[in-house]
> 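Before we start, here is the structure in question, set down as structure tokens.
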There are 2 protein chains.
Amino acid sequence: MKKGDATRTTILDRATTLARTVGLEGLTIGQLATALELSKSGLFAHFGSKEALQIAVIEHARDRFVSEVIAPALKVSRGTPRLRALVDRWMKWGEDACVFVQLSAELDDRPGPARDAVAATIRDWMDALATAAKIAVDEGHLRADTDPKQLAFELYGVMLAYHTVGRLLGDPKGAARARRAIDALLARAA
Amino acid sequence: MKKGDATRTTILDRATTLARTVGLEGLTIGQLATALELSKSGLFAHFGSKEALQIAVIEHARDRFVSEVIAPALKVSRGTPRLRALVDRWMKWGEDACVFVQLSAELDDRPGPARDAVAATIRDWMDALATAAKIAVDEGHLRADTDPKQLAFELYGVMLAYHTVGRLLGDPKGAARARRAIDALLARAA
DNA sequence: GCCACAATAGTACGGTCGTTCTATTCGCGC
DNA sequence: GCGCGAATAGAACGACCGTACTATTGTGGC
């Protein structure tokens with residue numbers, strides 16, 4: 001019961017990376033198998049259907065996202081530092097944050113379990129931002145009349161713009177712009 | 001030389017709508033043909049290759065985007081009103097603004113002419129925002145130390161967050177949040 | 001009204017897709 | 001170290017993909 005899980009993880013890692021460029025629907029069992037030097041049927045047996053593979057990819061990416069972005073940031077001290085840590089980790093760690101931007105856009109008009117899984121992840125992410133913002137208010141780091149959910153919304157918007165400007169337009173100034181925007185949002189609420 | 005162009009437009013209209021849900025790569029000549037009650041080969045003859053069809057779709061969507069969002073907004077009086085008109089029209093007219101969010105995410109990691117066409121459109125869009133912002137500064141509607149490109153970046157971020165929250169999460173509060181965010185950005189710069 | 005040519009349909013092909021079934025190899029408990 | 005089940009491979013399937021070729025239909029200029 002060991003070997004199977006190991007290759008399964010290997011498959012999902014590669015699939016996640018691949019999905020970032022070809023999308024979830026563009027993912028192909030044949031390509032994925034040859035990329036990993038596995039047989040198509042051997043790979044297929046791990047999941048049983050393409051839809052199951054897709055959902056496994058989403059959940060795998062979610063797990064990595066939680067353990068590499070959210071969890072570490074939650075160890076930072078309460079209030080504004082933690083809020084900043086969330087944003088910083090999202091921006092630095094393109095790897096899997098990116099795949100969720102891709103998945104959000106790909107699935108937002110395609111109801112089904114895959115879309116639900118992505119939506120749940122994004123919802124959790126915005127909740128994490130909002131909760132951190134609320135704590136910052138409670139700690140007195142941010143003004144009492146700050147709406148935590150509104151702030152989370154605006155912060156996430158900056159991250160999305162950063163993603164588009166950086167990835168699609170290839171503008172190196174994106175990071176600096178994002179930083180300025182984040183600073184302005186937090187300064188305004190301080 | 002008339003009939004051909006008419007069906008070509010019909011094809012591209014439907015293709016654009018379809019691409020919003022299945023993506024540009026998910027677009028299929030067979031499905032598109034049956035959806036329009038055309039023969040596969042008859043449709044194919046209009047474009048000659050799938051890549052040509054994809055680029056035609058992008059350019060068609062860009063034309064509609066320009067004529068339905070940008071051009072009307074440019075008729076609004078210079079300064080902040082025009083800037084607001086750009087943002088408002090983007091948000092109201094989901095139809096084709098959405099397809100560019102989809103295309104941005106789908107193509108941002110896939111170099112080629114399709115990606116270039118999308119990138120050029122987004123660049124033009126952000127330039128339109130920045131130019132309108134600059135005019136607003138010149139007119140005295142916004143503070144002299146406002147960075148027009150930075151403001152365009154932040155405005156676009158709000159639109160992207162609005163798109164994600166509304167489409168993927170189905171949160172009806174997205175529009176109100178976006179409006180508040182836009183108001184705050186403009187108030188801060190006024 | 002005819003005719004040249006644009007526009008569309010029909011058919012076929014090689015390739016790849018997801019999936020199934022059967023066979024082979026591997027790894028671990030006894 | 002043997003045996004059994006888990007893990008992987010192999011071959012085959014029908015379906016649909018993009019594309020090429022040929023045939024048919026429609027249509028605007030004379």
Side-chain angles (χ1 to χ4, degrees), chain A residues 1-60 103 106-107 110-115 117, chain B residues 1-60 103 106-107 110-115 117:
Chain A
M1 195 96 66
K2 203 82 135 301
K3 182 87 185 313
D5 287 1
T7 56
R8 197 185 139 100
T9 300
T10 307
I11 292 170
L12 290 176
D13 273 333
R14 182 64 140 261
T16 305
T17 310
L18 217 51
R20 216 180 53 205
T21 81
V22 300
L24 201 60
E25 201 64 35
L27 252 183
T28 264
I29 296 176
Q31 287 175 213
L32 192 52
T34 50
L36 291 162
E37 291 176 319
L38 285 177
S39 72
K40 214 168 75 161
S41 55
L43 191 153
F44 183 85
H46 281 273
F47 305 97
S49 78
K50 185 176 181 184
E51 196 185 17
L53 165 66
Q54 292 176 327
I55 292 177
V57 168
I58 296 170
E59 290 176 346
H60 184 70
L103 293 177
E106 180 178 357
L107 297 171
R110 239 146 62 192
R115 172 189 148 145
Chain B
M1 196 97 64
K2 204 82 137 302
K3 182 88 184 313
D5 287 1
T7 56
R8 196 185 139 101
T9 301
T10 307
I11 293 170
L12 290 176
D13 274 333
R14 184 63 140 262
T16 304
T17 310
L18 217 52
R20 217 181 51 207
T21 81
V22 301
L24 201 61
E25 202 63 34
L27 214 57
T28 263
I29 295 176
Q31 287 175 214
L32 192 53
T34 51
L36 291 163
E37 291 176 319
L38 286 178
S39 71
K40 215 169 76 161
S41 54
L43 191 154
F44 182 84
H46 280 273
F47 305 98
S49 78
K50 185 177 181 183
E51 196 185 16
L53 166 66
Q54 292 176 326
I55 291 176
V57 168
I58 295 171
E59 289 176 347
H60 184 70
L103 293 177
E106 180 178 357
L107 297 171
R110 242 153 52 197
R115 172 188 148 147

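Below, chain A is the first sequence line, B the second, and so on; all start at residue 1.
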> Output one line per pair: protein atom, nucleotide atom from nucleotides 25-27 of chain C, and distance, for all N/O pairs under 3.5 Å.
none

> Whole Å only: how far is the CZ atom of A:F44 from the C1' atom of D:dA12?
14 Å

> Rounding to an integer number of Å, can you tell me how far A:D5 CG sits from C:dC28 C1'?
15 Å

> Taking side-chain contact (heavy atoms from CB on, under 4.5 Å) as the definition, give me every residue that meets it alongside B:A117, ordered by chain and number, with sequence neighbours left out.
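Checked B:A117 against side-chain contact (heavy atoms from CB on, under 4.5 Å); matches are B:I58.
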
> Apply salt bridge (Lys or Arg N to Asp or Glu O under 4.0 Å) to B:R110 and list each qualifying residue two or more places apart in sequence or on a separate chain.
B:E25, B:E106

> Any donor-acceptor pair under 3.5 Å linking the side chain of A:T21 with the backbone of A:T17?
no

> Going by heavy atoms in the side chains, are B:H46 and B:L53 under 4.5 Å from each other?
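B:H46 does not reach B:L53 side chain to side chain.
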
> Expressed in angstrom and rounded to an integer, what is the separation of A:F47 atom CZ from C:dG18 atom P?
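Answer to the nearest Å: 13 Å.
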
> Could you check how far NZ of A:K50 sits from P of C:dT16, rounded to whole Å?
15 Å

> Give a yes/no answer on whether the side chain of A:H46 brings an N or O atom under 4.0 Å of OP1 or OP2 in D:dT8.
yes

> If you look only at distance, which donor and acceptor atoms sit under 3.5 Å apart when one is on a side chain in residues 28-37 of chain B and the other is two or more places apart or in another chain?
unit_1	atom_1	unit_2	atom_2	d
B:T34	OG1	B:G30	O	3.2
B:T34	OG1	B:Q31	O	2.9

> If a pair satisfies salt bridge (Lys or Arg N to Asp or Glu O under 4.0 Å) and one of its residues is in residues 39-60 of chain B, list it, with sequence neighbours excluded.
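Every candidate salt bridge (Lys or Arg N to Asp or Glu O under 4.0 Å) pair involving residues 39-60 of chain B fails, so no pair, neighbours aside, qualifies.
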
> Would you say the side chain of B:F47 lies within less than 4.5 Å of the side chain of B:V57, judging by non-hydrogen atoms?
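No; the side chains remain at least 4.5 Å from each other.
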
> In residues 24-42 of chain B, which residues come under 4.0 Å of DNA chain C by heavy atom?
B:L38, B:S39, B:S41, B:G42

> Just the rounded figure in Å: distance from C1' of D:dA20 to CG of B:L43.
16 Å

> When you check the phosphate oxygens OP1 and OP2 of D:dT8, does a side-chain N or O of A:T7 lie under 4.0 Å from one of them?
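Affirmative; the distance criterion is met.
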
> Have a look at B:H60 and tell me which of B:T16, B:T9, B:D13 forms a side chain to side chain donor-acceptor pair (under 3.5 Å) with it.
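That would be B:D13.
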
